[in-house]
Peer 1: 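The structure is given below, and queries will be raised subsequently.
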Amino acid sequence: MKGLWSQRWKKALIWLSGYVHFIAFAVAGGFVVFKTADKDLHKTAKTVFIATLIFTAIEALLLILSGIASLGANMGRALNWISFFVTLAKIGVYAAGILFSLFSGEDTETGAAKVATKKIAAENAPAQTDGKSSSEETSSSDEAEK
């Protein structure tokens, strides 16, 4: 079951939780920040946190302006347009984040897979002789042949 969630899908889930609600992001992003050691996921969580804070502040400002407009000012139509464009921007930012996280670069390995890969690489590494690695020995033997 652990293999089900690749790095790309974890990033997409972080972006999606940021779009859905600040509390959903607090749960998903908080879990990533406190329970994983992957720097790439931490970076994604921080980026989504900043985007979520920005849109939360904009939505709070719109709510305040909407309250003022309901007191009698003739701002209702302008607020509808502003709110529409903010909604479009929010959808665009989070959709771009999800798509970018799903389709960008190589999918990196996670936790146990990284450890297993490092163990296999360490076991297959050539033995060092006289303090030189095999690449150093090869380069020194090439120089000797010249």
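The model shown is predicted, which means the values in this text are computed figures rather than measured ones. For this chain, numbers begin at 1 and follow the sequence in order.
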Peer 1: Minimum heavy-atom separation for Phe22 to Thr52, with atom names?
Peer 2: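 Closest pair (atom of Phe22, atom of Thr52, distance): CD1-CG2, 3.1 Å.
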
Peer 1: Which residues satisfy the ring pair (Phe, Tyr, Trp, His ring centres under 6.0 Å) test with Tyr19, sequence neighbours excluded?
Peer 2: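 Counting only residues at least two positions away or on another chain, Tyr19 forms a ring pair (Phe, Tyr, Trp, His ring centres under 6.0 Å) with Tyr94.
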
Peer 1: Within this structure, what is the CD1-CD distance for the pair Ile64 and Glu59, rounded to the nearest 0.5 Å?
Peer 2: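 So the gap between those two atoms works out to 12.5 Å.
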
Peer 1: Same cluster or not: are Leu53 and Leu16 linked, directly or through other Ile, Leu, Val, Met, Phe, Trp or Tyr residues, by side-chain heavy atoms under 4.5 angstrom apart?
Peer 2: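 Leu53 clusters together with Leu16.
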
Peer 1: Minimum heavy-atom separation for Leu62 and Ile82, please, with both atom names.
Peer 2: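 Heavy atoms of Leu62 and Ile82 come nearest at CD2-CG2, 3.4 Å.
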
Peer 1: Working to the nearest 0.5 angstrom, can you tell me the gap between Leu63 CG and Leu79 CG?
Peer 2: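 Between Leu63 CG and Leu79 CG, I get 10.5 Å after rounding to 0.5 Å.
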
Peer 1: Are Leu13 and Val27 co-members of a hydrophobic cluster defined by side-chain heavy atoms under 4.5 Å apart?
Peer 2: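 Val27 and Leu13: separate clusters.
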
Peer 1: When hydrophobic residues are tied together by side-chain contacts of less than 4.5 Å, even through go-betweens, does Ile50 share a cluster with Phe100?
Peer 2: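 Result: no, two separate clusters.
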
Peer 1: Lys11 versus Leu41: any side-chain heavy-atom pair under 4.5 Å?
Peer 2: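 They are in side-chain contact.
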
Peer 1: What is the minimum heavy-atom distance between Ala28 and Ser17, and which atoms define it?
Peer 2: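 Looking at all heavy atoms of both residues, the closest pair is CB-OG, 3.6 Å.
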
Peer 1: Could you see if Phe31 belongs to whatever hydrophobic cluster contains Val20? Use Ile, Leu, Val, Met, Phe, Trp, Tyr and a side-chain cutoff under 4.5 Å.
Peer 2: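 Each belongs to a different hydrophobic cluster.
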
Peer 1: Could you tell me the separation between the CD1 atom of Ile98 and the CD1 atom of Ile14, rounded to the nearest 0.5 Å?
Peer 2: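 Between Ile98 CD1 and Ile14 CD1, I get 11.0 Å after rounding to 0.5 Å.
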
Peer 1: Contact between Trp15 and Phe25 at the side-chain level, heavy atoms closer than 4.5 Å - yes or no?
Peer 2: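 No. Closest side-chain heavy atoms not under 4.5 Å.
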
Peer 1: Taking ILVMFWY side chains as joined if any heavy atoms are under 4.5 angstrom apart, and letting links pass through other members, which residues group with Phe84?
Peer 2: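 Noted: Phe84 shares its cluster with Trp81, Phe85, Leu88.
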
Peer 1: Between NZ of Lys10 and OG of Ser101, what distance do you get to the nearest 0.5 Å?
Peer 2: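 Between atom NZ of Lys10 and atom OG of Ser101 there are 13.0 Å.
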
Peer 1: Indicate the atoms forming the closest heavy-atom contact of Val48 with Gly18, along with that distance.
Peer 2: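 Where Val48 meets Gly18 most closely, the heavy atoms are CG1-CA, 4.0 Å.
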
